[in-house]
Amino acid sequence: MNRCSQMRGLLKLSVRAVSCVPRRPCSGGRPPAPLGARVLTDPRDIFQHNMWDHVQWTEEETEEARQKAEQNSEEKIPVEEQSKYYREAHKYWDRFYEMHQRKFFRNRTWLFTEFPELLPPDAADLCRPEQEQDLCSESGSREKQQLCGSCTLTSHMDTFPGQHAAFRILEVGCGAGNSVFPIISTIRGSKAFLYCCDFSSQAIELIQEHPDYDPAVCHAFVRDICDTTSPFPFPHESLDIILVVFVLSAIHPARRAQDVVTSLAGFLKQGGIMLFRDYGRYDLAQLRFKKGQCLSENFYTRQDGTCVYFFTKDEVHHLFSNAGLEELQNLEDRRLQVNRGKKVVMHRVWIQSKYRKPYLIPD
């Protein structure tokens, strides 16, 4: 039995990260591990674990969630007060990171399990699906090499951070570095380079002051991704991966998430992939909002002034498809979170997606 087959067998028994990730469905259906392998088959076992994966909602549960969201959206923040959440968003996030520093969010140790595309080719011997294989491999055919002309960077920028890297990653909305430092730890010693940006200067300071921050493999900078006219410190079509995790949900609808995604897509190489994970419609976080916290449909402000939107799969698909990207994955990740002490169960919903910039076939 080869290594890939052995690892696929192990995935059925464990939710832990492994080096060989099986093919995932592009959309719909129940995704296989490692997105989650703990499935509740006997209701009597519900309080045996803190989280259950691939939860199927009943029609009654879906309707109840819809009604709760409708009720907490009835009373909206007055129009004259809404503009401050648009104008002063960076102030609210600066205050958030000044208060919580690096303590609010945990490091995303699940990143490489769910997004093995983050691993540079020289960092691990991945068993990737055929559709995600690097078309620029030395063993590729002459035709594949012709298709991958963008893998050789051509730019009018004379010098830029990470210009000599063979594999470039950008994380937008990096916060205090909960994705940044797991990535740095993994890519150090490879030919990869990480860019990370946030429009909170306080967040970027926290990253740059972190003892694990290494300018040799990472460049952190302040950037409002909603300002699509400001330059990035790298040229167009220079990135292999763009990581967009719990970021677009913070953007006010008036600031056009579509423009953000379209702008970011321009920095991907042909064959480059955008990785997305964010809040899904009727997640526990949405249903917990009180009346008077709603800015617009499915868009709310928290007590600290930061904002959050709750997506559907279809909305995510339109966002990335309208930016000219091809769908590789678009999943609704439904889980059951359990408070075993209080005997309370709560529904969590996230959207996880992968979209690729298509290759241009020469005439």
Side-chain angles (χ1 to χ4, degrees), residues 19 108 111-112 115-126 128 132-142 144-174 177-198 203-223 225 230-245 263-275 325 354 356-360 362:
S19 63
R108 292 166 178 154
L111 272 178
F112 295 96
F115 298 137
E117 296 85 355
L118 285 166
L119 282 167
D122 62 330
D125 184 17
L126 281 177
R128 293 184 291 176
E132 295 175 15
Q133 290 291 335
D134 182 7
L135 295 184
C136 282
S137 64
E138 292 182 4
S139 60
S141 67
R142 180 178 301 177
K144 289 182 178 179
Q145 291 172 354
Q146 290 173 346
L147 286 176
C148 204
S150 65
C151 292
T152 301
L153 180 66
T154 57
S155 169
H156 296 298
M157 299 180 73
D158 293 333
T159 59
F160 60 94
Q163 63 179 323
H164 299 300
F167 190 82
R168 301 185 187 88
I169 303 167
L170 166 67
E171 184 192 5
V172 295
C174 59
N178 300 95
S179 295
V180 169
F181 295 108
I183 294 175
I184 286 179
S185 176
T186 302
I187 69 173
R188 185 179 279 113
S190 72
K191 297 179 181 178
F193 192 87
L194 172 66
Y195 306 93
C196 58
C197 66
D198 199 285
I204 296 302
E205 286 181 16
L206 288 172
I207 289 177
Q208 294 175 335
E209 293 170 358
H210 194 284
D212 292 335
Y213 179 69
D214 185 355
V217 295
C218 181
H219 177 65
F221 58 100
V222 178
R223 178 66 155 75
I225 59 172
S230 295
F232 277 95
F234 43 76
H236 279 78
E237 296 195 340
S238 62
L239 302 177
D240 295 274
I241 300 291
I242 298 179
L243 185 63
V244 188
V245 175
S263 175
L264 290 173
F267 291 95
L268 283 174
K269 298 175 181 178
Q270 295 176 35
I273 298 176
M274 203 173 296
L275 304 173
L325 303 179
K354 303 176 184 182
R356 178 173 59 191
K357 189 169 187 175
Y359 292 95
L360 296 179

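Remember, it's a predicted structure, so these values are computed and weren't measured experimentally. Just so it is clear, the values below take in all heavy atoms, side chains as well, and ignore hydrogens, waters and symmetry mates. Just so you know, residue 1 is the first one in the sequence shown, and it goes up from there.
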Asks: Can you measure from CG (Leu268) to NE2 (His236) and round to the nearest 0.5 angstrom?
Replies: 10.5 Å

Asks: Shortest non-hydrogen contact from Lys354 to Phe115?
Replies: CE-CD2, 3.7 Å

Asks: Which heavy atom of Phe221 sits nearest a heavy atom of Ile204, and at what distance?
Replies: O-CD1, 3.4 Å

Asks: Please check if the side chain of Arg223 supplies one atom and the backbone of Pro233 the other of a donor-acceptor pair under 3.5 Å.
Replies: no

Asks: How far does SG of Cys196 sit from CD1 of Ile184, to the nearest 0.5 angstrom?
Replies: 6.5 Å

Asks: Would you mind telling me which of Leu170, Val180, Leu111 makes a side-chain contact (heavy atoms from CB on, under 4.5 Å) with Leu243?
Replies: Leu111

Asks: To the nearest 0.5 Å, how far apart are CG in Asn178 and CD1 in Ile183?
Replies: 11.0 Å

Asks: Provide the closest heavy-atom pair for Phe160 versus Arg168 in the form atom of the first, atom of the second, distance.
Replies: CE1-NE, 3.9 Å

Asks: Can you tell me how far CD of Gln270 sits from CD of Glu237, rounded to the nearest 0.5 angstrom?
Replies: 6.0 Å

Asks: Got a list of side-chain donor-acceptor pairs under 3.5 Å for residues 211-219, not counting sequence neighbours?
Replies:
| unit_1 | atom_1 | unit_2 | atom_2 | d |
| --- | --- | --- | --- | --- |
| Tyr213 | OH | Cys218 | O | 3.4 |
| Tyr213 | OH | Ala220 | N | 3.1 |
| Asp214 | OD1 | Ala216 | N | 2.9 |

Asks: Rounded to the nearest 0.5 Å, what separates atom CG in Leu275 from atom CD in Glu171?
Replies: 10.5 Å

Asks: Please report the closest heavy-atom contact between Leu325 and Pro358, naming both atoms and the distance.
Replies: CA-CD, 4.4 Å

Asks: Just by distance, do the side chain of Thr186 and the backbone of Pro182 share a donor-acceptor pair under 3.5 Å?
Replies: yes

Asks: Just how far is it from atom NZ of Lys357 to atom CG of Leu264, taken to the nearest 0.5 Å?
Replies: 11.0 Å

Asks: What residues form a ring pair (Phe, Tyr, Trp, His ring centres under 6.0 Å) with Tyr195, not counting sequence neighbours?
Replies: Phe193, Phe234

Asks: With side-chain contact (heavy atoms from CB on, under 4.5 Å) as the criterion, how do Phe167 and Ile241 come out once you've worked through the C-alpha distance, each side chain's angles and the decisive distance to 0.1 Å?
Replies: CA-CA 8 Å; Phe167 190 82; Ile241 300 291; 3.7 Å; yes

